[in-house]
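Structure first, then comments.
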Amino acid sequence: MKKSNPLRNSEFHVQSSAVQISTTWGIIEIELVDGKVGGCRLPFLLKRPDAPFAIVKDGNDLVSSFIAAVFSGSNSTPPTLAELEGTDFQQQVWRAIAEIPPGETKTYGELAQAIGRPNAVRAVGSACGKNPVPLFIPCHRVVGSNGGLGGFSCGLPWKELLLTFENAR
DNA sequence: GGCGCCGTCTTCT
DNA sequence: AGAAGACGGCGCC
């Protein structure tokens with residue numbers, strides 16, 4: 001098995017749709033595949049916006065209530081995810097990330113250990129960056145071993161914000 | 001503390 | 001085959 005189940009198999013009766021949540025930091029878009037979360041896009045933020053973060057308008061389904069919970073600091077378990085497209089290595093990394101409980105963090109190195117490749121630290125980093133569903137697979141809880149933040153695919157302001165809400169630091 | 005270098009591993013050209 | 005990473009460590013100002 002190399003890459004498993006591409007999301008874009010529109011030959012079948014997979015019905016995909018999108019949910020949008022508008023916030024003071026931009027529009028968060030979530031992609032649903034057969035009712036399960038298959039993608040999540042946050043606007044890229046180079047620097048922290050002046051406005052304090054707030055959800056302006058969200059839907060009222062499971063997904064957006066999860067998002068609302070995330071951004072209010074209350075823990076809730078993520079909804080079921082669709083099969084994500086990625087290499088075996090990436091899938092392993094993502095699975096390991098999914099096990100980090102809210103309020104806690106793991107370092108890239110610890111993650112590498114967790115999947116049994118203690119030396120693949122840097123590779124773990126790039127796998128994090130390819131997580132198709134930030135927030136749902138909490139890659140913001142992965143930080144550097146030196147106390148640094150590491151990176152975040154949609155811009156570090158999000159990572160800081162999320163960790164603040166979970167008050168992990 | 002900060003900066004540079006190198007080892008290490010996966011992915012993309 | 002080579003280069004590029006969301007790293008980690010070590011050495012050296």
Side-chain angles (χ1 to χ4, degrees), chain A residues 1-10 21 23-31 33 36-53 63 66-67 69-71 73 75-79 81-169:
Chain A
M1 249 219 257
K2 276 261 97 171
K3 305 201 161 207
S4 52
N5 314 37
L7 297 177
R8 358 176 170 241
N9 256 348
S10 32
I21 301 172
T23 78
T24 50
W25 283 24
I27 296 177
I28 301 177
E29 192 169 299
I30 290 143
E31 192 184 343
V33 181
K36 299 184 227 162
V37 177
C40 173
R41 299 178 44 86
L42 312 179
F44 177 80
L45 296 176
L46 192 56
K47 68 174 181 98
R48 202 182 178 97
D50 292 329
F53 178 87
V63 173
F66 167 73
I67 297 284
V70 168
F71 287 107
N75 317 342
S76 72
T77 36
L81 303 178
E83 294 264 347
L84 305 174
E85 183 182 2
T87 65
D88 287 345
F89 179 80
Q90 289 162 342
Q91 307 262 9
Q92 287 178 63
V93 174
W94 298 339
R95 254 176 264 136
I97 296 175
E99 287 169 12
I100 310 175
E104 283 179 35
T105 60
K106 254 186 169 59
T107 66
Y108 296 95
E110 288 169 333
L111 224 47
Q113 296 244 339
I115 62 171
R117 283 184 192 63
N119 294 319
V121 188
R122 196 152 183 191
V124 165
S126 19
C128 291
K130 285 166 196 146
N131 169 21
V133 284
L135 305 189
F136 297 88
I137 288 174
C139 54
H140 57 277
R141 299 187 189 133
V142 188
V143 298
S145 65
N146 47 349
L149 268 189
F152 197 69
S153 53
C154 310
L156 274 104
W158 287 109
K159 193 165 181 173
E160 292 174 25
L161 178 76
L162 290 162
L163 289 175
T164 304
F165 274 122
E166 301 185 346
N167 84 80
R169 348 190 85 203

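Protein chains get the first letters and strands the later ones, always in sequence-line order, with residue 1 at the start of each.
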Expressed as a whole number of angstroms, how long is the span from [X]:[atom1] to [N]:[atom2]?
| X | N | atom1 | atom2 | result |
| --- | --- | --- | --- | --- |
| A:E110 | C:dA6 | CD | C1' | 16 Å |
| A:Q90 | C:dG5 | CD | P | 15 Å |
| A:Y108 | C:dG5 | OH | P | 14 Å |
| A:R117 | B:dT11 | CZ | C1' | 14 Å |
| A:N131 | C:dA6 | CG | P | 13 Å |
| A:I137 | C:dA6 | CD1 | C1' | 15 Å |
| A:F152 | C:dG5 | CZ | C1' | 17 Å |
| A:N146 | C:dC10 | CG | C1' | 13 Å |

query = Looking only at heavy atoms, what is the nearest atom pair of A:E85 and A:W94, with distance?
reply = O-CH2, 3.5 Å
key: Over all atoms of both residues, closest heavy-atom pair of A:Q113 and A:P118   =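 What the structure gives for the nearest pair is NE2-CB, 4.0 Å.
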note = Among C:dA6, C:dG8, B:dT11, the one nearest any side-chain atom of A:C128 is C:dA6
Starting at [atom1] of [X], measure out to [atom2] of [Y] and round the result to the nearest 0.5 Å.
| X | Y | atom1 | atom2 | result |
| --- | --- | --- | --- | --- |
| A:H140 | A:C128 | NE2 | SG | 12.0 Å |
| A:L42 | A:E29 | CG | CD | 11.0 Å |
| A:N75 | A:E166 | CG | CD | 7.5 Å |
| A:L156 | A:L149 | CG | CG | 5.5 Å |

Within the structure shown, what part of the strands sits under 4.0 Å from [X] by heavy-atom distance: base, sugar-phosphate, or nothing?
| X | answer |
| --- | --- |
| A:S126 | base |
| A:G129 | base |
| A:F89 | sugar-phosphate |

query = Can you tell me if A:W25 uses its side chain to pair, donor with acceptor, with the backbone of A:P43 under 3.5 Å?
reply = no
ask   = Is A:E104 reaching over with its side chain to a backbone N or O of A:P101, donor-acceptor style, under 3.5 angstrom?
value = no
ask   = Starting at the 5' end of DNA chain B, what dot-bracket string do you get if Watson-Crick and G-U pairs under 3.5 Å are bracketed, crossing pairs use [ ], other-strand pairs use | and unpaired bases use dots?
value = |||||||.|||||
task = Check whether any side-chain nitrogen or oxygen of A:T107 sits under 4.0 Å from OP1 or OP2 of C:dC7, and answer yes or no.
result = no
key: Any side-chain heavy-atom pair of A:V93 and A:N131 under 4.5 Å   =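 Of all side-chain heavy-atom pairs linking A:N131 with A:V93, none is under 4.5 Å.
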Set out, line by line, the N/O atom pairs under 3.5 Å between protein and nucleotides 1-8 of chain B.
residue	atom	partner	partner atom	Å
B:dG7	O6	A:R122	NH1	3.4

